[in-house]
Amino acid sequence: MSTKAKGLLGWIDARFPLMKTWNEHIAQYYAPKNFNFWYFFGSLALVVLVLQIITGIWLTMNYVPTDERAFASIEYIMRDVDMGWIIRYAHTTGASAFFLVVYLHMFRGLIYGSYRKPRELVWIIGVMIFLVLMAEAFFGYLLPWGQMSFWGAQVITSLFGAIPFVGESLATFIRGDFTVSEVTLNRFFAFHVILMPLILVGLVFLHIVALHKVGSNNPDGIEIKEHKDEHGHPRDGIPFHPYYTVKDLWGVGVFLFIFCLIMFFFPEGGGYFIEKPNFEPADPLKTPDHIAPLWYLTPFYSILRAIPDKLLGVMAMAASIAVFFVLPWLDRGRVKSIRYRGVLYKSILALFVISFFGLGYLGTLEPTPVRTLFAQLFSVIYFAFFLLMPWYTKWDKTKPVPERVS
């Protein structure tokens, strides 16, 4: 059996770089030996992506993207399809889990400077993944054809109408109709099931290849490739397999335990994962009392609502995401990791985190004058973190960075 296996692998390897790929990206890929808790979330994002694709395929087997049967097909999946409720709840819980691990993954990049040279392209591709993920979530949000899905899509697509000259035409093109209708549902279904996953998988592949080209960052922000042994291996690195594959498997086990706990006992997440209005079929003649996206998009929605002018609000919301693309060139600090940054950077980063949570919370509530005032304050702090970065990172008093990882 061993000879046959080697013969089969040899036959495949002569025609496809199987072992070369395995060695370069897993077995002989040297990663820093000081990875900590924050480095679980990259692999967890990959796990959730696979989970979403698998559960999505199963859901499409019974889902009918028509205005008459879309909501009923969801009910059919939940009530009559064998294990259908588990698949549906795994998909809805997975959507929130996906954004949670991606947000934590991005935050790790902020605290350890993973966007700095030579990983600018890795960061940019990662932000593109985040952008596509937002589009994927938005397109999928309409598919249950519930009250919040319908009116949420109506509100978001109408925002494109604020763009001068081409806005109304662009909004009509996105919807495929003058208002959200069955045409929109079919179009969003195609985007959610085919287009966005293809783009997402392609970007994830490019993200991993770009990362392995320049090497992984670490909590010390030290380039381990600068110190190699006589064999050409980084002295402060260890092979990704088996050390980090085992470590990641432990993280996946803990994650799946928490994931299943939520999926089985709190699948609606108190209305944050599945809103109560979405248990009612879409009614174009009845507007919900309060329209808001799911929690993972509310920080940006809150920035939109904080500005009274519709066009300026749309521009601010777009800028709040676009600013991540230029982050590698805004940071002028002398060190990468927060371990060696001064009080100034840590304080401003803490204010940014508070503003992000504040915007997210306010986005779930109905707007009032006081809440709008707080949203405007948090929006100023949010943008100040990025726009003032060239100055406060330069003024920040830093600690000396060791030559080798700690």
If you compare all heavy atoms of [X] against all heavy atoms of [Y], which two are closest, and at what distance to 0.1 Å?
| X | Y | answer |
| --- | --- | --- |
| P367 | T372 | CB-OG1, 4.3 Å |
| H290 | T364 | NE2-O, 3.1 Å |
| F383 | A316 | CZ-O, 3.3 Å |
| R404 | R235 | NH2-CB, 3.6 Å |
| I87 | T55 | CG2-O, 3.6 Å |
| G360 | T298 | O-OG1, 2.9 Å |

Does a sphere of radius 6.0 Å around [atom1] in [X] hold more than 12 heavy atoms from other residues, nucleotides or ligands, not counting ones at 6.0 Å or beyond?
| X | atom1 | answer |
| --- | --- | --- |
| K117 | NZ | no |
| Y272 | OH | no |
| M315 | CE | no |
| R15 | CZ | yes |
| E68 | CD | no |

Within a strict 4.5 Å, meaning less than it, do heavy atoms of the [X] and [Y] side chains meet?
| X | Y | value |
| --- | --- | --- |
| F300 | M134 | yes |
| I111 | S337 | no |
| F279 | E268 | yes |
| P32 | F35 | yes |
| T172 | D177 | no |
| K33 | P234 | no |
| M317 | L159 | yes |
| Y103 | F41 | no |

Under the 3.5 angstrom rule, does the side chain of [X] hit a backbone N or O of [Y] as a donor-acceptor pair?
| X | Y | value |
| --- | --- | --- |
| Y392 | F385 | yes |
| E280 | G146 | no |
| H227 | E403 | yes |
| H207 | V122 | yes |
| D13 | L9 | no |
| Q147 | A282 | no |

Any idea how [X] and [Y] line up, ring-wise: parallel (<30°), tilted (30 to 60°), or perpendicular (>60°)?
| X | Y | value |
| --- | --- | --- |
| F99 | F130 | perpendicular |
| Y382 | F352 | tilted |
| W85 | Y89 | perpendicular |

Please determine if E182 and R69 form a salt bridge, counting it only when a charged side-chain N lies under 4.0 Å from a carboxylate O.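 So E182 does not pair with R69 through a salt bridge.
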Can you tell me how far [atom2] of [Y] sits from [atom1] of [X], rounded to the nearest 0.5 angstrom?
| X | Y | atom1 | atom2 | answer |
| --- | --- | --- | --- | --- |
| L195 | L200 | CG | CG | 11.0 Å |
| W58 | I86 | CH2 | CD1 | 12.5 Å |
| N217 | L211 | CG | CG | 9.5 Å |
| L362 | L377 | CG | CG | 10.0 Å |
| T93 | I274 | OG1 | CD1 | 7.0 Å |
| M61 | I57 | CE | CD1 | 7.0 Å |

Is K247 close enough and on-axis enough to F40, meaning under 6.0 Å and within 45°, for cation-pi? yes
Ring of F173, cation from R187 - is the NZ or CZ under 6.0 Å from the centre and inside 45° of the axis? yes
Under the ring pair (Phe, Tyr, Trp, His ring centres under 6.0 Å) rule, what pairs show up with a residue in residues 13-33, not counting sequence neighbours? W22-H241, H25-H212, Y29-H212, Y30-H233
Pairing donors with acceptors under 3.5 angstrom, does anything connect the side chains of [X] and [Y]?
| X | Y | result |
| --- | --- | --- |
| H105 | R108 | yes |
| S96 | W295 | yes |
| Y141 | N278 | no |

Evaluate the criterion side chain to side chain contact (heavy atoms under 4.5 Å, CB included) for residue pair Y296 and L100; output intermediate values, then yes/no. CA-CA 8 Å; Y296 39 75; L100 178 62; over 6 Å; no
Quick one: do V166 and F160 satisfy side chain to side chain contact (heavy atoms under 4.5 Å, CB included)? Show the steps, please. CA-CA 9 Å; V166 299; F160 292 94; over 6 Å; no
One pair to check against side-chain hydrogen bond (donor to acceptor under 3.5 Å, both in side chains): Y112 and N36. What are the steps and the verdict? CA-CA 11 Å; Y112 292 142; N36 58 18; 2.9 Å; yes
Determine whether Y63 and F189 satisfy the following criterion, ring pair (Phe, Tyr, Trp, His ring centres under 6.0 Å), listing intermediate values before the conclusion. CA-CA 10 Å; Y63 177 76; F189 178 72; 5.5 Å; yes
Centre-to-centre under 6.0 Å for F386 and F324, is that the case here?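 Yes; F324 has its ring centre under 6.0 Å from that of F386.
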Might you work through the ring pair (Phe, Tyr, Trp, His ring centres under 6.0 Å) test for F325 and W123, ending with a clear yes or no? CA-CA 8 Å; F325 284 100; W123 176 261; 9.4 Å; no
Check the pair R88 / E75 against salt bridge (charged side-chain N to carboxylate O under 4.0 Å, His left out), numbers first and verdict last. CA-CA 10 Å; R88 198 272 175 112; E75 292 298 304; 5.7 Å; no
Before giving the answer on side chain to side chain contact (heavy atoms under 4.5 Å, CB included), spell out for L256 and V252 the whole-Å C-alpha distance, their side-chain angles and the decisive distance to 0.1 Å. CA-CA 6 Å; L256 290 178; V252 169; 3.8 Å; yes
Could you list all the salt bridge (Lys or Arg N to Asp or Glu O under 4.0 Å) pairs where at least one residue sits in residues 338-366, not counting sequence neighbours? D220-R339, D331-R341
